[in-house]
Number of protein chains: 4
Amino acid sequence: MANLCFIGLGTMGYPMAGHLANAGHTVSVWNRTHSTAQQWSSEYQGSAHDTIAAAVKDADAVLLCVGRDSDVRDLMCREACILAHARPGTLVVDHTTTSSTLAQELHQLCQQQQVDFVDAPVSGGQQGAINGQLSLMVGCDEAVYAKLVELTQPYTKAIERMGAAGAGQATKMVNQICIAGVLQGLSEGLLMAQKQNLDINKVVSVISQGAAGSWQMVNRHQTMDADDYDHGFAIDWMRKDLGICLDEAKQLGVSLPLTALVDQFYAELQNLGKGRADTSALLHRMRQLNPDQ
Amino acid sequence: MANLCFIGLGTMGYPMAGHLANAGHTVSVWNRTHSTAQQWSSEYQGSAHDTIAAAVKDADAVLLCVGRDSDVRDLMCREACILAHARPGTLVVDHTTTSSTLAQELHQLCQQQQVDFVDAPVSGGQQGAINGQLSLMVGCDEAVYAKLVELTQPYTKAIERMGAAGAGQATKMVNQICIAGVLQGLSEGLLMAQKQNLDINKVVSVISQGAAGSWQMVNRHQTMDADDYDHGFAIDWMRKDLGICLDEAKQLGVSLPLTALVDQFYAELQNLGKGRADTSALLHRMRQLNPDQ
Amino acid sequence: MANLCFIGLGTMGYPMAGHLANAGHTVSVWNRTHSTAQQWSSEYQGSAHDTIAAAVKDADAVLLCVGRDSDVRDLMCREACILAHARPGTLVVDHTTTSSTLAQELHQLCQQQQVDFVDAPVSGGQQGAINGQLSLMVGCDEAVYAKLVELTQPYTKAIERMGAAGAGQATKMVNQICIAGVLQGLSEGLLMAQKQNLDINKVVSVISQGAAGSWQMVNRHQTMDADDYDHGFAIDWMRKDLGICLDEAKQLGVSLPLTALVDQFYAELQNLGKGRADTSALLHRMRQLNPDQ
Amino acid sequence: MANLCFIGLGTMGYPMAGHLANAGHTVSVWNRTHSTAQQWSSEYQGSAHDTIAAAVKDADAVLLCVGRDSDVRDLMCREACILAHARPGTLVVDHTTTSSTLAQELHQLCQQQQVDFVDAPVSGGQQGAINGQLSLMVGCDEAVYAKLVELTQPYTKAIERMGAAGAGQATKMVNQICIAGVLQGLSEGLLMAQKQNLDINKVVSVISQGAAGSWQMVNRHQTMDADDYDHGFAIDWMRKDLGICLDEAKQLGVSLPLTALVDQFYAELQNLGKGRADTSALLHRMRQLNPDQ
């Protein structure tokens with residue numbers, strides 16, 4: 001069992017840190033809003049700290065799950081933050097979805113201090129975090145991978161080392177790009193179904209196993225049909241991710257026409273007050289533009 | 001066992017008619033190119049006719065699986081064709097993907113002759129036709145549905161009555177619209193993966209079970225990665241179908257921005273000589289526009 | 001001076017026929033709604049007929065300005081219509097915007113009766129028709145062009161023979177495609193200007209003479225800024241024209257991604273009740289999707 | 001006459017600084033590549049400096065015309081740069097196209113040193129710079145505008161104060177957005193014209209005065225028809241500008257679907273080796289996707 005530090009107790013990090021504590025590790029947590037850390041330490045075996053220094057000190061590994069590139073950079077590099085306190089040999093695991101550029105930068109910076117940095121964004125959503133059934137896409141040196149697999153086992157269903165630093169984030173980008181296409185196509189398909197008074201459940205039951213089938217079709221058609229988007233992965237976060245995709249594509253000299261277009265559709269949904277809604281709300285937008293007469 | 005007439009022995013119809021013959025029905029076939037009908041009758045128990053009149057005469061049911069709206073209309077309505085020879089009580093089953101408008105027109109026309117018309121487009125591809133594992137989306141009167149289920153059982157894995165005349169075709173349109181979105185998104189995702197030198201098999205293994213997952217991702221990523229599109233559902237046929245989608249959307253007053261855009265991308269693939277390639281060749285187009293430096 | 005028949009007294013045809021009458025020609029008119037023809041004949045020197053036969057009989061030239069391909073085809077080919085009554089040597093001038101395919105078909109059909117068919121769609125709008133300042137894009141045999149120029153002189157500012165039958169319509173398509181791009185770009189530009197509280201008049205005064213400048217910018221920025229679209233060229237007609245563009249592009253094997261997308265945006269404007277609004281209402285759509293907070 | 005410092009002797013800045021010298025001002029120049037500054041000082045009355053400090057010292061006004069936000073920020077804020085040497089009362093005029101956010105930041109920063117900062121991006125291209133016929137879109141305090149007008153008079157055809165700091169840049173963004181739409185529409189229109197063998201000169205002569213007309217149509221149709229793009233405003237710079245547009249739109253919460261799409265098309269042109277080509281090369285891309293058979 002190890003001394004672990006977990007930073008960022010949001011909808012994902014909170015249960016993830018809990019799985020580590022339940023597995024018998026000694027877990028120190030820190031969260032921007034300290035009361036959440038205190039709540040966590042009342043629910044799980046582990047200690048809440050009000051400074052990063054205190055949380056990181058003595059940790060064999062530091063795990064992060066926060067919001068944006070700038071959050072991760074600040075937590076890692078600012079005065080009195082992780083890199084100021086991590087001992088040589090510490091493993092730093094970033095579960096945040098960030099740019100792979102950031103992951104590469106931090107990997108280099110950590111290397112100078114004999115700290116191992118791993119980018120390990122996750123998929124599986126809040127449900128996956130609660131059930132300990134996440135998928136991890138990992139970018140790291142080969143030498144640290146076995147340690148990572150063991151460490152994250154309590155909340156991981158599938159894990160894959162995709163390559164060196166940044167490769168985990170690159171894979172997460174692929175994931176988000178695919179989702180954007182699936183969802184706009186699904187929204188147009190379901191719109192046509194609704195406008196022709198087809199029974200959406202019947203439609204999905206007959207087409208979801210074939211060439212048109214997708215996770216989103218199977219798992220979201222009922223809520224989409226009910227115009228219910230109070231769940232799932234928020235558009236505000238999706239725009240952050242698509243912004244990273246489009247920036248990295250620009251640096252790589254790659255065009256992503258559909259991704260760029262759907263990103264603008266999501267901007268429109270934010271304007272329509274749906275920033276907190278699930279990404280499947282692309283159908284909501286289509287219905288605003290195609291109201292029933 | 002019944003007297004059946006099957007019209008249209010293409011990649012789909014040929015094995016479908018075969019399943020009916022193997023099930024013990026008396027099957028008469030007709031095909032525009034007569035030699036294909038003769039070949040069929042040498043492979044299966046059944047008779048090849050060189051006129052539609054001869055094939056249709058005495059049939060309890062006539063099944064069609066041809067190309068376009070105009071083909072179906074001609075075969076049904078032209079002089080000396082199906083409606084000129086079908087007896088009252090005949091069941092006509094159209095497995096062609098057509099507009100639902102055509103299905104509704106033909107349903108009405110047949111009704112005047114006491115003929116039952118059913119639109120029953122299929123999905124499952126050539127492999128599904130050969131293995132007798134097709135999915136049927138059906139538009140018909142409730143009264144004839146049970147007869148249809150029994151009749152098509154030899155090549156059907158799933159069947160669903162979607163509503164009255166035209167509802168089967170409407171459902172097929174939903175299917176094709178969803179595919180268009182999935183595939184352009186998948187193409188952009190895989191392009192990003194390739195440009196970052198990720199191992200496509202690993203990428204798919206880690207993301208295909210989650211929110212980005214789709215039938216196309218699971219079944220097409222390897223051929224897409226290999227730039228191999230000599231299989232599957234041809235772009236030329238997809239454009240026919242998307243043309244129907246966009247026409248029906250216009251009549252319904254529905255906008256389909258992504259579908260319209262991907263339809264134009266397919267036009268470009270036709271121009272690039274890929275009209276016979278699988279619909280997943282959208283990645284091929286993206287690679288032409290993003291060549292390796 | 002000649003005996004002329006003018007068919008179709010809409011916003012364009014009404015004043016055009018008037019210019020011919022004012023120029024001293026003997027003009028017979030026919031209109032689907034006969035009362036409009038009667039009103040015309042009370043305003044201008046000329047006779048209103050209630051059958052096409054009566055209007056066409058004795059005409060040296062027949063001019064049409066109606067709505068759609070199907071209207072032109074019916075008026076030309078149906079029983080008791082133009083071709084049934086036109087004498088050899090008659091010049092038929094179609095000012096309707098149609099497909100060039102139709103123009104080519106009708107040209108061939110007319111040739112068999114020694115009738116000369118000319119496609120001559122116009123631009124310049126209602127104001128141009130009233131002021132006799134239209135631009136004509138002409139497809140015809142070289143031999144009849146001089147006669148056409150003389151005949152249409154009363155309402156024409158610019159005329160150009162673009163090529164053989166259909167070339168006039170092909171040119172009109174180019175015109176409409178260019179408009180679609182200009183207007184969506186202009187709408188996005190003005191939206192950004194509005195959202196940053198720039199004075200639209202100042203913006204246009206400083207950029208309209210340069211690389212961003214366009215007729216639409218100069219002539220529509222004030223009404224767009226005022227969200228006023230009760231004028232100009234209706235979206236319902238634009239969709240008809242863009243439909244022709246996209247159909248002809250498909251036949252030619254040409255992709256038009258932006259045109260296809262803007263056509264869908266216009267579908268959304270029709271759904272939002274703006275089918276009669278000017279084509280510049282693309283900004284109205286953008287504002288629905290980007291409301292002020 | 002004043003003591004002026006001009007920084008950035010590119011295709012625009014070089015002749016602009018020359019006009020100031022020719023007008024009788026005392027001009028000190030600085031350029032990243034010093035030899036260009038020396039060449040300038042051999043062609044015009046004025047002195048080339050190899051440090052910014054030397055160039056800025058004693059200047060009543062400092063004018064910049066460089067490349068990117070980061071260039072301007074560095075030149076203004078880095079050690080031993082403009083703000084380190086500008087005296088209170090100096091007027092700093094930035095002719096670079098940058099984000100309006102940068103302009104606002106620099107305005108604030110300058111204010112603290114009693115320096116007046118003006119954003120004044122230009123349009124008119126290299127030709128306009130050489131002929132002294134540029135258009136200036138200005139963001140500044142009202143108090144300094146008169147001084148600016150007088151100062152820039154030697155190379156200015158039109159000048160407009162658009163509002164406070166950043167408003168000049170905001171206006172330039174509107175300009176670039178409009179251009180993107182015009183050019184993709186024009187490219188699709190001319191492609192259709194080419195594919196139908198229309199004479200492009202005739203097409204433009206008949207449609208350019210009407211609703212489809214634009215500066216780009218009039219000034220670029222011949223080079224576009226000849227597939228010649230070795231002139232004008234480079235795609236690499238356009239992508240920089242569209243990147244600013246899309247970033248600012250994201251901050252404002254504004255969607256720009258067409259702009260985002262055309263930006264991706266330009267990425268494809270960069271990939272096709274056309275980064276230095278004129279922005280009208282969108283037709284070149286369309287022709288790659290629609291080759292002659």
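All values reported here derive from a predicted model rather than from experimental measurement. Chain identifiers are assigned alphabetically (A, B, ...) following the order of the sequence lines, protein sequences preceding nucleic acid strands; residue numbering begins at 1 within each chain.
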Which one wins on heavy-atom pair count under 4.5 Å against chain D: [options]?
options                        : value
C:T259, C:L261, C:L289         : C:T259
C:I179, C:V182, C:V203, C:L258 : C:L258
C:M137, C:K202, C:Q293, C:Q196 : C:K202

- Query: Is there side-chain contact between C:C178 and D:E188, with heavy atoms separated by less than 4.5 Å?
  - Reply: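 They are not in side-chain contact.
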Answer with side chain, backbone, both or neither: which region of C:L136 has an atom nearer than 4.5 Å to a non-hydrogen atom of chain D?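 Interface part for C:L136: backbone (N, CA, C, O).
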>> So for C:L256, is it side chain, backbone, both, or neither that comes closer than 4.5 Å to the heavy atoms of chain D?
In response: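 Both parts, heavy atoms under 4.5 Å.
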At a heavy-atom separation under 4.5 Å, does [X] approach chain C through its side chain, its backbone, both, or neither?
X      : value
D:L186 : both
D:N175 : both
D:S100 : side chain
D:A180 : neither

Gap between atom CG of C:N290 and atom OG of D:S255 - 0.5 Å precision: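 Rounded to the nearest 0.5 Å, the OG-CG separation comes out at 4.0 Å.
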Residue-level interface, [range] with chain D, non-hydrogen cut-off under 4.5 Å:
range                       : result
residues 225-249 of chain C : C:C245, C:E248, C:A249
residues 160-172 of chain C : C:E160, C:R161, C:M162, C:A167, C:A170, C:T171
residues 204-222 of chain C : C:S205, C:V206, C:I207, C:Q209, C:G210, C:A211, C:A212, C:G213, C:S214, C:W215, C:Q216, C:M217

Q: Using side-chain hydrogen bond (donor to acceptor under 3.5 Å, both in side chains) as the criterion, list what pairs up with D:K250, not counting sequence neighbours.
A: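 D:K250 satisfies side-chain hydrogen bond (donor to acceptor under 3.5 Å, both in side chains) with no residue once adjacent residues are dropped.
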